[in-house]
Amino acid sequence: MKKMTKISATVASLLIVGAANAATPGVYVGAGAGGSILRTPDVTTSNPIASTSEKRGGLGGRIFAGYNFNKYFGLEAAFAAFASSSAKASALGMSASEKYSQNALSLVGKGYLPLGESGFNAYALGGVSEVYGEDRYKRSYRGTQLANNSQTTRALRPTYGVGVSYDVADHMTTSLEVSRIQGKGNMKTDSHAIPNADMATLNLGYNFG
């Protein structure tokens with residue numbers, strides 16, 4: 001996650017050209033990509049000869065549309081897709097795997113702070129996300145499938161984040177943003193629990209103002 005943030009920051013610095021102003025009032029749309037991670041729990045087993053593996057994090061992305069009322073405040077709606085988390089365990093011919101995936105629709109308010117005459121704008125965001133999570137579980141014995149189950153969870157969760165934006169040209173804005181959707185419950189004991197979902201993206205937007 002830290003490595004992805006450094007890469008995004010480097011790319012953002014290469015994109016910065018021309019003169020910039022505070023956040024442009026009016027409608028804007030855009031998309032972004034970067035690192036994402038679902039904070040699912042570690043794999044644990046009481047079997048001493050069991051082998052386990054797990055994978056968390058990877059490429060995530062988002063599309064968004066918003067409206068800036070002025071150079072200090074705006075509203076934004078977005079759809080985000082996170083990299084899935086997966087885990088496997090096997091012992092004595094028995095194997096089990098689990099995969100958790102999550103998407104979210106968000107509506108947030110954004111407060112901008114122009115950073116002097118530098119052309120940069122820091123901003124903070126906060127709002128709510130409608131989370132769609134799917135937990136898929138499979139189990140087999142010596143190649144014979146014994147179970148293949150899935151469960152979906154839908155819930156409203158708070159979301160928040162911070163970012164830095166810069167107008168790279170007329171009607172074009174780039175930004176680097178880090179955000180979190182707050183999870184709920186204990187994923188080891190609650191089948192309807194939701195993990196914390198983190199994302200750091202480099203975004204490019206078009207302003208119609």
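With contacts defined as side-chain heavy-atom distances shorter than 4.5 Å, the pair Glu134/Gln151 does not qualify. Counting heavy atoms from C-beta on, the side chains of Leu38 and Tyr100 come closer than 4.5 Å. Side-chain contact check for Asp167 versus Asn207: some heavy-atom pair is nearer than 4.5 Å.
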Q) Please walk me through it: do Tyr206 and Met172 pass side-chain contact (heavy atoms from CB on, under 4.5 Å)? A) CA-CA 5 Å; Tyr206 182 83; Met172 299 297 293; 3.5 Å; yes

Q. So Glu177 and Arg62, salt bridge (Lys or Arg N to Asp or Glu O under 4.0 Å) or not? Walk me through it.
A. CA-CA 11 Å; Glu177 181 175 301; Arg62 57 192 297 266; 3.7 Å; yes

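Across Leu59 and Ala83, no two heavy atoms sit closer than the pair O-CB, 3.6 Å. Here the closest non-hydrogen pair linking Gln102 and Ala197 is NE2-CB, 3.4 Å. Of all non-hydrogen atoms in Asn121 and Pro114, the two that sit nearest each other are OD1-CA, 3.3 Å. The shortest heavy-atom contact between Gly109 and Leu75 is CA-CD2, 3.8 Å. Pro41 and Glu54 get closest at one heavy-atom pair: O-OE1, 4.0 Å.
Summarising the geometry, atom OG1 belonging to Thr173 is positioned 10.5 Å from atom CG belonging to Asn203; distances are rounded to the nearest 0.5 Å. Here CG of Leu125 is found 6.5 Å from OG of Ser179. Values are rounded to the nearest 0.5 Å. Thr40 OG1 to Ile194 CD1: the interatomic distance, rounded to the nearest 0.5 Å, is 13.5 Å. From Lys184, atom NZ reaches atom CG of Asn196 across 13.0 Å, with rounding to the nearest 0.5 Å. Atom CG of Asp198 is separated from atom OG of Ser36 by 9.0 Å, given to the nearest 0.5 angstrom. Atom CD1 of residue Ile37 and atom OG of residue Ser85 lie 6.5 Å apart, to the nearest 0.5 angstrom.
Using modelled atom types and a 3.5 Å distance limit, the side chains of Ser101 and Ser84 yield no donor-acceptor pair. Neither side chain, Ser165 nor Ser175, offers a donor N or O lying under 3.5 Å from an acceptor on the other. Side chain to side chain, Glu76 and Tyr67 fail the donor-acceptor criterion of an N or O pair below 3.5 Å.
Counting side-chain heavy-atom gaps under 4.5 Å among Ile, Leu, Val, Met, Phe, Trp and Tyr, the cluster of Phe79 also holds Ile63, Leu105, Tyr132.
By the 30° and 60° cut-offs, the orientation of the rings of Phe73 relative to Phe69 is parallel.
Taking hydrophobic clusters as Ile, Leu, Val, Met, Phe, Trp and Tyr residues chained together by side-chain heavy-atom distances below 4.5 Å, Ile181 does not share a cluster with Val108. Hydrophobic clustering (ILVMFWY, side-chain heavy atoms < 4.5 Å, transitive): Phe64 and Leu204 are in distinct clusters. Transitive grouping of hydrophobic side chains (ILVMFWY, heavy atoms separated by less than 4.5 Å) keeps Phe120 and Tyr72 in distinct clusters.
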Under 3.5 Å, which donor-acceptor pairs link side chains of residues 152-162 to any protein atom two or more places apart or in another chain?
from   : atom 1 : to     : atom 2 : distance (Å)
Arg154 : NE     : Glu130 : OE2    : 2.7
Arg154 : NH2    : Glu130 : OE2    : 2.8
Arg157 : NE     : Gln182 : O      : 3.0
Arg157 : NH2    : Gly183 : O      : 2.8
Thr159 : OG1    : Arg180 : O      : 3.0
Tyr160 : OH     : Gln182 : OE1    : 2.7

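Panel note: side chain Asp190, backbone His192; a donor-acceptor pair is recorded below 3.5 Å. Formation of a donor-acceptor pair under 3.5 Å by the Asn68 side chain with backbone atoms of Gly26 is not found in this model.
Arg139 pairs by the salt bridge (charged side-chain N to carboxylate O under 4.0 Å, His left out) definition with nothing, not counting sequence neighbours.
The aromatic ring centroids of Tyr112 and Tyr123 lie less than 6.0 Å from each other.
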